[in-house]
J.: 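Shown below is the structure under consideration.
Throughout, protein chains are lettered first and strands after them, A, B, ... in sequence-line order, and every chain is numbered starting at 1.
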Amino acid sequence: MKNREVARILYEVASLLELEDVPFKPRAYQRAARSVEACSTPVEELAEGDRLRELPDVGKAIGEKIQEIVRTGSLRYHQELKAKLPVDLFELTRVQGVGAKTAKQLYEALGVRNLLDLERAAKEGRIREVPGMGAKTERRILKGLAEARGTDRRELLWYAMTAMELLRRALEDSGLFAQLSAAGSLRRGVETVGDLDLLGVSERPEKASRFFACLPEVEEVLMQGPKRTSVKLAGGLQVDLRIVPASSYGAALQYFTGSKAHNIRLRERAGARGMKLNEYALTDAEDRVVAGKDEEGVYRELGLLWIPPELREDQGEIQAAERHELPQLVERSEIVGDLHVHTDWSDGTADLESMTEAARVEGLAYIAVTDHFRFSTTVGGVNTDELLRQVDAIGELNESSAGVRVLAGIEANIQRNGDLDVPARVLRRLDIVIASVHSHFRLSSAEMTRRLERVMDNELVDVLGHPTGRLIGERPPYDADWDEVFYRAAKTGTALEVNANPQRLDLGAPLVRRALEAGARLMLGSDAHATDHIRFLEIGVRTARRGWAEAKHVLNTLPVDALLATRKRGGRE
DNA sequence: GCCGTTTTCGGCCCGACTGTTTTCAGTCG
């Protein structure tokens, strides 16, 4: 039973309790559900070790209920509640504009139990007959249904950032905004983004908001007011623009950056200190403004250090900020090399020289060329001869060009048994060896764990490439006991890649954090297959930051000689 | 039902916008 499924049951219990007008319990279940959802360790594992109470917002009662779910696959309490309202609330409330109350009303009036019933009722025009609802509600539900069906598609961080950049530039050029910033999950660097949040300060909010709604990229205006405007872009991405007074900019930026869980904690903290926090200001008991112009002030007046957006997930960052123990998160400027670059020797689109030049433009001191090795099923890899010729070509390039130092490397394939497909005598000629799984994805967890452990025991392997193999929104990570893998990585001195390809971001943030806790080191690789892909490093850094990584944890913050010296086989011969 | 700078009882985030209805409940973020 996956964490998400356990969370789903808890969420539904929350909704059902809310409908029974039970006070406060719904929120308790909601928080526990969020906590389960956010936890990177499988709850089954926690249940086994009787460690469920370690989860924030899970106490005795809910802990026992999670035990029951893990043991039996369902929850009696949930079934009992559901007997009174046999409705798929989880599904129904995913439709925009339908909450628990509406779902209940629709069930009582029309017998709507699930999305199919809802669609039928809407199409037959029965929803407008329900007291308190009208034609607009019905239309809204029909639209919400179409969107819920069209999957809850989230945009990959990189492409969301690109879209945001375009909008921001257009708004800035209008001259209507004194200040403008991205907020929301994009500012936190979350790997996928549901919608774009923009925050602005404007002297003429009505005009600014109209200007925004009329941008050519906008396909549909969802709502428009002087303080908040929501639109949908041609690509389907929703964008919310909030306009606040300059004196509230910091409070608003804090508020709209989230996460929701982080904000709730902050507001509680404010309350506990006799203050109140909203998107306009932090105020004291007499309603006097204590902070609001900038984020630092808001955190400071709550007794906290300013918390980098990437950490704002209610995963211990508030406690760390209180104790002045926040990590010194790694910065993009500290990444001095890219250790995972492909060229047209394998499946890249650019030649050696162009990739090197692109690295120079990005301000890097070195790159490692790590083309694919030709593997029976991999098209476009280099074979042994080609690889050795490439080593020579790289040698010549290094002689002729001062500037970016190029390391010779390979992205070798890990065979089913944990051996590499490149002969050891060839690997010894290389500066950097990345080992990646490109086949046999569906082994048992035990077999995959052994396979990865075995390859890391190999002293010629410097880096485990895209360790979990996931493709966001497309392919789940393969099964392995990640804590075992991370422990072995630490023990053998094998770096774990944070692959910065937008669809990979692998390791992902929660696993980065676990890897660091196990004592492992990271390597940031762009996995560039074209010159402009080196810029992906930016989101690799964001991901590492979300996993609490500091520069000292990341191999390629080191100058090249120091980097080579950290290899298991030592520095240069 | 959870939690603790109001600490084992008594609190529990808050505001904008919409739709349908005349004063607000529901939803969302």
Side-chain angles (χ1 to χ4, degrees), chain A residues 10 13-15 17-19 21-35 52-53 55-66 77 92-106 127-141 143-144 183-185 194-199 205 209 221-230 238-244 248 251-252 254-283 285 301-304 314 318-319 322-323:
Chain A
L10 297 177
V13 169
S15 297
L17 288 172
E18 200 181 321
L19 290 173
D21 277 326
V22 179
F24 305 114
K25 278 197 204 183
R27 190 168 308 143
Y29 275 91
Q30 234 166 52
R31 287 178 157 180
R34 254 203 311 271
S35 183
L52 285 167
R53 307 261 323 247
L55 284 171
D57 301 312
V58 173
K60 183 162 178 289
I62 294 185
E64 281 167 4
K65 293 194 168 67
I66 296 175
Y77 184 54
L92 287 172
T93 53
R94 277 184 28 217
V95 176
Q96 282 267 337
V98 178
K101 299 252 163 79
T102 306
K104 183 184 186 186
Q105 238 186 323
L106 288 171
I127 287 176
R128 67 181 75 181
E129 310 295 329
V130 179
M133 299 188 197
K136 280 198 174 170
T137 307
E138 191 173 274
R139 265 204 303 282
R140 197 169 135 113
I141 285 177
K143 245 180 66 196
S185 49
D195 55 18
L196 302 183
D197 290 292
L198 267 160
L199 178 70
S209 133
V221 180
L222 301 173
M223 65 161 83
Q224 196 185 343
K227 297 177 175 175
R228 180 174 167 196
T229 300
S230 279
Q238 186 176 323
V239 189
D240 294 341
L241 170 69
R242 272 94 167 191
I243 299 176
V244 297
S248 298
Q254 191 296 308
Y255 182 80
F256 293 122
T257 297
S259 67
K260 188 168 181 177
H262 176 90
N263 284 358
I264 288 174
R265 288 281 172 235
L266 279 196
R267 288 179 171 224
E268 280 172 5
R269 190 179 174 91
R273 297 169 165 236
M275 298 190 272
K276 202 176 80 173
L277 177 63
N278 60 26
E279 59 261 58
Y280 295 112
L282 178 67
T283 48
E301 295 304 324
L302 290 171
L304 301 170
D314 189 26
I318 293 174
Q319 294 84 334
E322 182 172 45
R323 297 188 203 117

J.: Could you tell me the separation between the OH atom of A/Y255 and the CG atom of A/N278, rounded to the nearest 0.5 Å?
T.: 8.5 Å
J.: Please name all residues satisfying side-chain contact (heavy atoms from CB on, under 4.5 Å) with A/K25, sequence neighbours left out, ordered by chain then number.
T.: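 For A/K25 the side-chain contact (heavy atoms from CB on, under 4.5 Å) partners, ignoring immediate neighbours, are A/L17, A/V22, A/Y77.
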J.: Can you tell me which nucleotide in B/dG29, B/dT27, B/dG1 comes closest to the side chain of A/R242?
T.: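 Out of B/dG29, B/dT27, B/dG1, the nucleotide with an atom closest to A/R242's side chain is B/dG29.
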J.: Give A/K136 one of three labels, base, sugar-phosphate or nothing, depending on what nucleic acid heavy atoms sit under 4.0 Å from its own.
T.: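 If one applies the 4.0 Å heavy-atom cut-off, A/K136 turns out to touch the sugar-phosphate alone, with no base involved.
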J.: Between the side-chain atoms of A/Y255 and the base atoms of B/dG29, is any donor-acceptor pair under 3.5 Å?
T.: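 Indeed there is one.
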J.: Tell me what A/A135 touches on the nucleic acid: a base, only sugar-phosphate, or nothing, going by heavy atoms under 4.0 Å.
T.: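 If one applies the 4.0 Å heavy-atom cut-off, A/A135 turns out to touch the sugar-phosphate alone, with no base involved.
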J.: One thing to verify: whether A/E322 and A/R269 come together as a salt bridge, which I'm taking to mean a side-chain N less than 4.0 angstrom from a carboxylate O.
T.: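 Yes.
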J.: Would you call A/R31 and A/E268 a salt bridge, using N to O less than 4.0 angstrom?
T.: yes
J.: Think A/R128 has a side-chain N or O under 4.0 angstrom from the OP1 or OP2 of B/dG19?
T.: no
J.: Salt bridge or not for A/D21 and A/K104, using N-O below 4.0 Å?
T.: no
J.: Closer than 4.0 Å, any side-chain N/O of A/Y280 to the OP1 or OP2 of B/dA16?
T.: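 Affirmative; the distance criterion is met.
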J.: So which nucleotide from B/dT27, B/dA16, B/dG1 ends up closest to the side chain of A/K65?
T.: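 For the A/K65 side chain, the nearest candidate turns out to be B/dG1.
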J.: Go nucleotide by nucleotide along DNA chain B from the 5' end; which of A/G63 and A/Q224 gets its closest nucleotide reached first?
T.: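 Checking each residue's closest nucleotide, the 5'-ward one belongs to A/G63.
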J.: Starting at CZ of A/R267 and ending at C1' of B/dC13, how long is that distance when rounded to a whole Å?
T.: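 That distance rounds to 5 Å.
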J.: Taking the C1' atom in each of B/dT22 and B/dG15, what is the distance between them to the nearest angstrom?
T.: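 Approximately 23 Å lies between the C1' atom of B/dT22 and that of B/dG15.
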J.: With both distances under 3.5 Å as the test, what is the Watson-Crick or G-U wobble partner of B/dG15?
T.: B/dC28
J.: From the set B/dG1, B/dG19, B/dG26, return the single nucleotide nearest to any side-chain atom of A/I62.
T.: B/dG1
J.: Does B/dC17 have its OP1 or OP2 closer than 4.0 Å to a side-chain nitrogen or oxygen of A/S230?
T.: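 Result: no.
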J.: Would you say B/dT27 has OP1 or OP2 under 4.0 Å from some side-chain N or O of A/T102?
T.: yes
J.: Considering only side-chain heavy atoms of A/F24, which listed nucleotide, B/dG29, B/dC12, B/dG26, is closest?
T.: B/dC12
J.: Given B/dG29, is OP1 or OP2 found less than 4.0 Å from the side-chain N or O atoms of A/K260?
T.: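 A/K260 to B/dG29 OP1/OP2: no side-chain N or O under 4.0 Å.
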J.: What's the closest nucleotide to the A/K227 side chain, out of B/dG1, B/dA16, B/dC13?
T.: B/dA16
J.: A/Q96 side chain N/O closer than 4.0 Å to the phosphate oxygens (OP1, OP2) of B/dG29?
T.: yes
J.: Where the side chain of A/K101 is defined as all heavy atoms beyond and including C-beta, which of B/dC12, B/dT27, B/dG19 is the nearest nucleotide?
T.: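 Among B/dC12, B/dT27, B/dG19, the one nearest the side chain of A/K101 is B/dT27.
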J.: From the set B/dC14, B/dC2, B/dC13, return the single nucleotide nearest to any side-chain atom of A/N278.
T.: B/dC14
J.: Which nucleotide in the set B/dG1, B/dG29, B/dC13 lies at the smallest distance from any side-chain heavy atom of A/R27?
T.: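 Selected nucleotide (nearest to the side chain): B/dC13.
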